[in-house]
Amino acid sequence: MALNAALLQSSLELVVSRRPEITPRFYEILFTRHPEARALFGRNSADAQAQMLQDAIVAVIDHVEDAAWLTSTLGAMGRKHVEYGVTNDMYPWVGDALVATLAEIAGTDWTPAMQAAWTEAFVAIQALMLAGAREIDAAG
């Protein structure tokens with residue numbers, strides 16, 4: 001699947017230009033929609049967790065055209081998330097909350113094309129992370 005790297009990058013820049021720290025709002029949306037997810041985030045401080053997520057989003061978008069990097073990095077993240085107790089059903093929660101966060105911050109500048117690009121990106125991210133998680137299942 002070829003992702004729209006230019007649109008992902010430009011829309012992320014738009015959002016970050018309006019609100020440099022997007023992750024606090026993301027967590028508000030995630031925990032409102034899925035309060036049961038809150039229990040998964042006790043390992044790190046809220047600030048540290050927010051920074052790790054924001055760094056991961058930026059890194060993925062910076063490497064969106066580097067399939068080897070994405071496969072390796074997101075596979076490793078998927079394996080790590082198994083240790084945190086993340087289940088397959090939870091991945092869409094994160095994607096939906098993040099797309100909602102981006103759309104909210106972009107406001108009227110958010111387009112159907114941006115929505116589609118980010119939705120496609122999270123489907124791809126989810127697939128790579130789940131592939132990594134399955135390696136744990138296969139080994140265990």
Side-chain angles (χ1 to χ4, degrees):
M1 171 189 326
L3 299 175
N4 189 335
L7 185 56
L8 291 167
Q9 183 68 42
S10 66
S11 59
L12 183 61
E13 289 171 4
L14 166 72
V15 168
V16 171
S17 73
R18 292 187 177 170
R19 188 167 179 175
E21 295 185 17
I22 63 172
T23 49
R25 181 62 184 138
F26 159 79
Y27 286 115
E28 290 171 6
I29 291 171
L30 177 66
F31 297 151
T32 297
R33 292 179 178 182
H34 303 283
E36 62 273 34
R38 187 179 298 275
L40 299 172
F41 291 89
R43 290 178 165 241
N44 301 300
S45 72
D47 289 343
Q49 184 64 43
Q51 189 62 53
M52 284 189 287
L53 177 60
Q54 190 143 335
D55 291 348
I57 293 166
V58 170
V60 167
I61 298 306
D62 284 349
H63 292 90
V64 77
E65 295 179 299
D66 184 346
W69 186 93
L70 291 172
T71 300
S72 173
T73 302
L74 294 173
M77 287 175 73
R79 290 186 293 278
K80 194 70 171 164
H81 280 73
V82 170
E83 296 174 21
Y84 300 150
V86 175
T87 65
N88 295 3
D89 295 340
M90 295 173 182
Y91 281 87
W93 301 353
V94 172
D96 292 344
L98 195 48
V99 172
T101 302
L102 298 170
E104 177 184 297
I105 295 170
T108 58
D109 291 322
W110 190 254
T111 67
M114 289 175 184
Q115 183 80 21
W118 280 96
T119 300
E120 288 176 28
F122 280 106
V123 167
I125 290 167
Q126 175 180 312
L128 292 171
M129 289 183 73
L130 287 171
R134 280 192 297 277
E135 292 175 13
I136 297 286
D137 293 338

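- Pairs passing the side-chain hydrogen bond (donor to acceptor under 3.5 Å, both in side chains) check and including a residue from residues 53-68, sequence neighbours excluded, read Q51-D55.
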Go through the steps to decide whether L40 and M90 satisfy the test side chain to side chain contact (heavy atoms under 4.5 Å, CB included), and finish with yes or no.
-> CA-CA 11 Å; L40 299 172; M90 295 173 182; 3.3 Å; yes
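- In E21, the CD atom is not crowded: 12 or fewer heavy atoms of neighbouring residues, nucleotides or ligands sit closer than 6.0 Å.
- Side-chain contact check for I61 versus W118: some heavy-atom pair is nearer than 4.5 Å.
- In this structure, W110 and S11 approach most closely via the heavy-atom pair CZ3-CB, 4.4 Å.
- Side-chain contact between R38 and Y27: absent, with no pair of heavy atoms (C-beta onward) separated by less than 4.5 Å.
- When all heavy atoms of R79 and G132 are compared, the pair lying nearest together is CG-O, 2.8 Å.
- Hydrophobic clustering, with ILVMFWY side chains joined whenever heavy atoms are under 4.5 angstrom apart, keeps I29 apart from M52.
- Within the 3.5 Å criterion, the main-chain N or O of E28 finds a donor-acceptor partner in the side chain of T32.
- The shortest heavy-atom contact between R33 and A100 is NH2-CB, 3.5 Å.
- When the side chains of ILVMFWY residues are joined at heavy-atom separations under 4.5 Å, either directly or via intervening members, L53 and L128 end up in a single hydrophobic cluster.
- Taken to the nearest 0.5 Å, the CG atom of L74 stands 11.0 Å off from the CG atom of L130.
- Side-chain contact between L14 and M114: present, with at least one pair of heavy atoms (C-beta onward) separated by less than 4.5 Å.
- Among pairs with a residue in residues 92-101, none fulfils side-chain hydrogen bond (donor to acceptor under 3.5 Å, both in side chains), at least two apart in sequence or across chains.
- Scanning both residues, L7 and A117, for their nearest heavy atoms gives CD2-CB, 3.9 Å.
- The CG atom of L102 sits 12.0 Å away from atom CZ of R18, with the distance rounded to the nearest 0.5 Å.
- Taking every heavy atom of both residues into account, A106 and V15 meet most closely at CB-CG2, 4.1 Å.
- By the 4.5 Å heavy-atom criterion applied to side chains, N4 and V64 are not counted as neighbours.
- The side-chain heavy atoms of I57 and I22, taken from C-beta on, include a pair separated by under 4.5 Å.
- Across all non-hydrogen atoms, the minimal contact from M77 to A56 is CE-CB, 4.1 Å.
- Counting heavy atoms from C-beta on, the side chains of F31 and F26 never come closer than 4.5 Å.
- Atom CG of residue L8 and atom CG of residue L12 lie 8.5 Å apart, to the nearest 0.5 angstrom.
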